[in-house]
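Working notes, structure below.
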2 protein chains.
Amino acid sequence: MRRLAAEAGAAPTTLYHHVRDKDDLLTQLLNDYADRLPRPELPDGPRERILVAATAMHDSLSAVPWAVEVLAGGDFFGDSALWMVETIVRGAIDCGCTPEQAVDLYRGLWYYTAGEILVRSATERRHAERGYDAYAEAVRARMSRSRLPHMSALADRWAALVARPTYPRGLSAFVDGLLRQGRGEGA
Amino acid sequence: MRRLAAEAGAAPTTLYHHVRDKDDLLTQLLNDYADRLPRPELPDGPRERILVAATAMHDSLSAVPWAVEVLAGGDFFGDSALWMVETIVRGAIDCGCTPEQAVDLYRGLWYYTAGEILVRSATERRHAERGYDAYAEAVRARMSRSRLPHMSALADRWAALVARPTYPRGLSAFVDGLLRQGRGEGA
DNA sequence: ACCTGAACACCGTTCAAGT
DNA sequence: ACCTGAACACCGTTCAAGT
């Protein structure tokens, strides 16, 4: 708040005439951001619609990782991003899920998405601070001395492996697993 | 730091003789916590071992939700919790995954787990502050006026639906989807 | 070694007072 | 209406000084 006020050339206290508190400001900022988001064309297939909507959630949030913690409490984005939730729930129902299963599917994808953003932005912050090499070496050292066979074997490659983007593949695996569960199919 | 020092009856500055900084203290605390964690019996089936290890990650973290943000940057827990990662990677490999696929599977489960803890603890905090009914009513109002058919239809039940625990079912769906993907099977 | 007070550089927020 | 300074109640951290 103080930094924003300084940048705007005003006293910190002035802000409180325009917003209730910090959370209110962040929420308004996020609503505004959601309003400006481009709305992708939705494909015909229900499964594909789910993937597009979840990817939209992910990509929108990637640009504003701090939003995850603001949204986590329950208010997802602004009204203009609610179509993502609608699309996922509708897609699940069109795939044969009950409403309950559809909500559970949405929640699962939201956890996965929120977690990916949280972990990736924290990792990037750490790389920016201490450098990628320092991180890679710390992981290598820890895994090598662990006496756990697979960790030791992967020690040298771990940092590089976890730096690859895996959101899309994980997403489609998760969606398939959830839809299959909804249809009552076993593993 | 100041609160902890006060509780210990010492000056805030005294702490800095025993830990490097706040992050160091949190990490030591977490390592100690990891050391005390009970180690579950692992089942024979590789898929079941993955589920047990992921559930151990989830349950351990549930008690210390603040840990998610400390761990997100890359250091998972202490050395004594590394067996969870090993178990998941080994289980995936035993199910026919390549090492790359096994690491991706682990990461997917970590995102899902971290996201669940983050969202659930934020939701609980909000309920504690403003009350469950206020939250339920806010969601209901927002979804009803949205003009999105499925959101409107679920408006009354949404808060109750998302309050149910869904980690275990989502986990097994995710694991199945990821293993199937590893085996190269389509949807 | 172990602990301290003083100090620095921050936060978010309230509120009476000014234009 | 709109903005302000003073103030409150906090943070994490450094560092020279004390025992």
Side-chain angles (χ1 to χ4, degrees), chain A residues 1-34 61 63-78 114 117-131 134-135 138, chain B residues 1-34 61 63-78 114 117-131 134-135 138:
Chain A
M1 300 301 275
R2 293 179 107 105
R3 228 175 58 218
L4 170 65
E7 263 176 64
T13 55
T14 308
L15 292 172
Y16 290 86
H17 244 264
H18 302 94
V19 296
R20 200 163 22 78
D21 55 20
K22 193 183 174 179
D23 195 70
D24 180 38
L25 181 115
L26 257 23
T27 304
Q28 277 186 240
L29 230 47
L30 231 41
N31 284 353
D32 188 70
Y33 174 69
L61 246 30
V64 285
W66 53 267
V68 171
E69 271 155 278
V70 180
L71 298 174
D75 303 348
F76 4 65
F77 258 83
I117 302 284
L118 177 78
V119 171
R120 197 158 48 77
S121 75
T123 305
E124 273 163 22
R125 193 160 47 240
R126 193 162 287 214
H127 287 177
E129 281 168 11
R130 300 202 242 285
Y135 165 73
Chain B
M1 300 301 274
R2 292 178 108 104
R3 230 174 57 218
L4 171 65
E7 264 176 62
T13 55
T14 307
L15 292 172
Y16 290 85
H17 244 265
H18 302 93
V19 296
R20 198 164 21 79
D21 55 20
K22 192 183 175 180
D23 195 70
D24 180 36
L25 180 114
L26 257 23
T27 303
Q28 278 187 238
L29 230 47
L30 232 42
N31 283 353
D32 188 69
Y33 174 69
L61 247 30
V64 284
W66 53 266
V68 171
E69 271 155 277
V70 179
L71 298 174
D75 304 348
F76 4 65
F77 258 82
I117 302 283
L118 178 78
V119 172
R120 196 158 48 77
S121 76
T123 306
E124 273 164 21
R125 195 162 43 242
R126 193 161 286 214
H127 287 178
E129 280 166 11
R130 299 201 243 285
Y135 165 73

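Side-chain atoms are counted along with the backbone in the values below, which use heavy atoms only and exclude waters and symmetry mates. By convention in this document, chain letters (A, B, ...) are assigned in the order of the sequence lines, proteins followed by strands, and residues within each chain are numbered from 1.
- For A:A67, the side-chain contact (heavy atoms from CB on, under 4.5 Å) partners are A:L30, A:L61, A:V64, A:L71, not counting sequence neighbours.
- When the side-chain contact (heavy atoms from CB on, under 4.5 Å) test is applied to B:T13, the partners found at least two apart in sequence or on another chain are B:A11.
- The footprint of chain B on DNA chain D, defined by a heavy-atom cutoff below 4.0 Å, extends from D:dC11 to D:dC15.
- Using a 4.5 Å heavy-atom cutoff, the side chains of B:E69 and B:L118 are in contact.
- Every side-chain contact (heavy atoms from CB on, under 4.5 Å) that A:A5 has, sequence neighbours left out, goes to A:P12, A:L15.
- By the side-chain contact (heavy atoms from CB on, under 4.5 Å) test, B:A8 is found to be paired with no residue, residues two or more places apart in sequence or in another chain being considered.
- The salt bridge (charged side-chain N to carboxylate O under 4.0 Å, His left out) check on A:D23 picks up nothing, with sequence neighbours excluded.
- Residues B:V119 and A:A114 approach most closely at CG2-CB, 4.4 Å, considering heavy atoms.
- Spacing of P atoms, C:dA9 relative to D:dA9, comes out at 23 Å, to the nearest Å.
- Within residues 9-18 of chain B, the residues having any heavy atom closer than 4.0 Å to DNA chain C are, in order of number, B:A10, B:A11, B:T13, B:T14, B:H17, B:H18.
- With sequence neighbours left out, the salt bridge (charged side-chain N to carboxylate O under 4.0 Å, His left out) criterion links A:E124 to A:R120.
- With sequence neighbours excluded, no residue forms a side-chain hydrogen bond (donor to acceptor under 3.5 Å, both in side chains) with B:D24.
- Secondary structure note: stems in DNA chain C built from 3 or more consecutive Watson-Crick or G-U wobble pairs under 3.5 Å occupy C:4-8 with D:12-16, C:12-16 with D:4-8.
- Between B:D21 and B:M1, the closest heavy-atom pair is C-CE, 4.4 Å.
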